[in-house]
2 protein chains.
Amino acid sequence: MNYMGSEPSTSLKAGSVAPEGFNTLECEETTKTCDGALAQAFKFLGKRWNGVLLGTLTNGPSGFAELKRNVEGISDSVLSERLSELQEAGLVVRSVQPGPPVSVSYELTDTGKALIPAMHALSTWASENFPTGTQH
Amino acid sequence: MNYMGSEPSTSLKAGSVAPEGFNTLECEETTKTCDGALAQAFKFLGKRWNGVLLGTLTNGPSGFAELKRNVEGISDSVLSERLSELQEAGLVVRSVQPGPPVSVSYELTDTGKALIPAMHALSTWASENFPTGTQH
DNA sequence: CAAGGCGCTTCGTTTTTCCTAGTTAGCCTT
DNA sequence: AAGGCTAACTAGGAAAAACGAAGCGCCTTG
């Protein structure tokens, strides 16, 4: 699976197989590195907008303009680029209805939908730890 | 709670209270926005290195140099800045043992530790959807 | 016909992130 | 005593990411 641009290079948990480009760690149970799978997850989610985009798409398929409205603050060019990356990563699928008029929708794939429990856990954590209305 | 710099501005779920600076949505159950709490979570986790840093600290307290070694690819200044941000957000605590020699350690707070279930869910998702060894 | 929306792309500008060299203090070895 | 190394950062500039505005072709609406 391809990543676009450079992504954070992370070390893997002791004993796990190192993908290309990663330094292979000696098998050492006391090494305090980040879980390799978690690091993998953060290759996507550690990029600005991806988490919120995926979160938005859990509400169902959306067109480009609708996503632009619903993800406040994102620019057209970044939205376009992120959607391309998420497609290439297999998390989002783009489907085109030729119309007229042409209509495009973006939808979570099964892989993308499989993120929902984790995103729910993140949402629960934020609700419990950063109640709305207390920011200043 | 203070955020450093500007963070992605997101719209909130219909009916939820809008914090300062957010556009208030009309209460409209069909609006497909990202859950406000999830958006809040991604203010931290959508920044490069934060997720991996927090993931690394789930293994226990670490000093700066140890973190530098265990989070492969991060530079000193970014590590320093991210740790400061995570402290200010209440996710990490810094404690200093004056020595000599001076010794500093960073540790997850209760709020930071409360992220562990969500990070475990993310790790599970990545393991099941991106098996190691298949990257190219 | 004019105006607006959709679904984007392009490019110059701005903002954010990142890197590297450097600092001080202490420890260890020769 | 001197030199090398580590810890825990910081400063300033470089690089990358993100933004904003303009634009395109097509369609719908008035």
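At whole-Å resolution of the value, CD in B:Glu81 and P in D:dA11 are 12 Å apart. Rounded to an integer number of Å, the gap from CG of A:Leu79 to P of C:dG7 is 11 Å. Atom pair A:Arg94:CZ and C:dC6:P shows a separation of 16 Å (rounding to whole Å applied). Note: CG (B:Asn50) to P (C:dT17) measures 9 Å, nearest angstrom. Rounded to an integer number of Å, the gap from A:Ile74 CD1 to C:dG7 P is 15 Å. Between A:Asn70 atom CG and C:dC6 atom P there is a gap of 11 Å when expressed in whole angstrom units. Rounding to whole angstrom units, CH2 of residue A:Trp49 and C1' of D:dG20 are separated by 14 Å. Computed from coordinates, the B:Leu83 CG to D:dT10 C1' distance equals 14 Å when rounded to whole Å.
The side chain of A:Arg82 contributes no N or O atom lying less than 4.0 Å from OP1 or OP2 of D:dC19. In this structure, A:Arg48 does not reach the D:dA16 phosphate: none of its side-chain N or O atoms is under 4.0 Å from OP1 or OP2. The shortest distance between the side-chain N/O atoms of B:Tyr106 and the OP1/OP2 oxygens of D:dA7 is not below 4.0 Å. Applying the 4.0 Å criterion to OP1 and OP2 of D:dA7, one finds that B:Arg69 has a side-chain N or O inside that range. Taking side-chain N and O atoms only, B:Lys68 has no distance below 4.0 Å to OP1 or OP2 of D:dA7.
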Evaluate A:Asp35 against B:Ser123 for side chain to side chain donor-acceptor pair (under 3.5 Å), listing each step before the verdict. CA-CA 7 Å; A:Asp35 178 341; B:Ser123 180; 2.5 Å; yes
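Counting heavy atoms from C-beta outward, A:Leu45 and A:Leu54 have side chains that approach closer than 4.5 Å. Proximity of A:Leu53 to A:Leu79: side-chain heavy atoms (C-beta onward) are separated by under 4.5 Å at one or more points.
Taking every side-chain heavy atom of B:Ser80 into account, D:dT10 is the closest of C:dT17, D:dA7, D:dT10. Listed nucleotides C:dC8, C:dC6, D:dC9 differ in distance to A:Ala65; the shortest reach to its side chain belongs to C:dC6.
Contacts of B:Ser103 with the nucleic acid, taken as non-hydrogen atoms under 4.0 Å apart, involve only primed sugar atoms and P, OP1 or OP2. Contacts of B:Val78 with the nucleic acid, taken as non-hydrogen atoms under 4.0 Å apart, include base atoms.
Criterion: ILVMFWY side-chain heavy atoms under 4.5 Å apart, direct or through other members. Under it, A:Leu115 and A:Val93 are not part of a common hydrophobic cluster.
Residue side chain A:Ser77 reaches the base of D:dG20 through a donor-acceptor N/O pair under 3.5 Å, judged by distance alone.
Ring centers of B:Trp125 and B:Phe130: under 6.0 Å apart, within the cut-off.
Mapping B:Val102 and B:Ser75 onto DNA chain C via the closest heavy atom, the residue that lands nearer the 5' end is B:Ser75.
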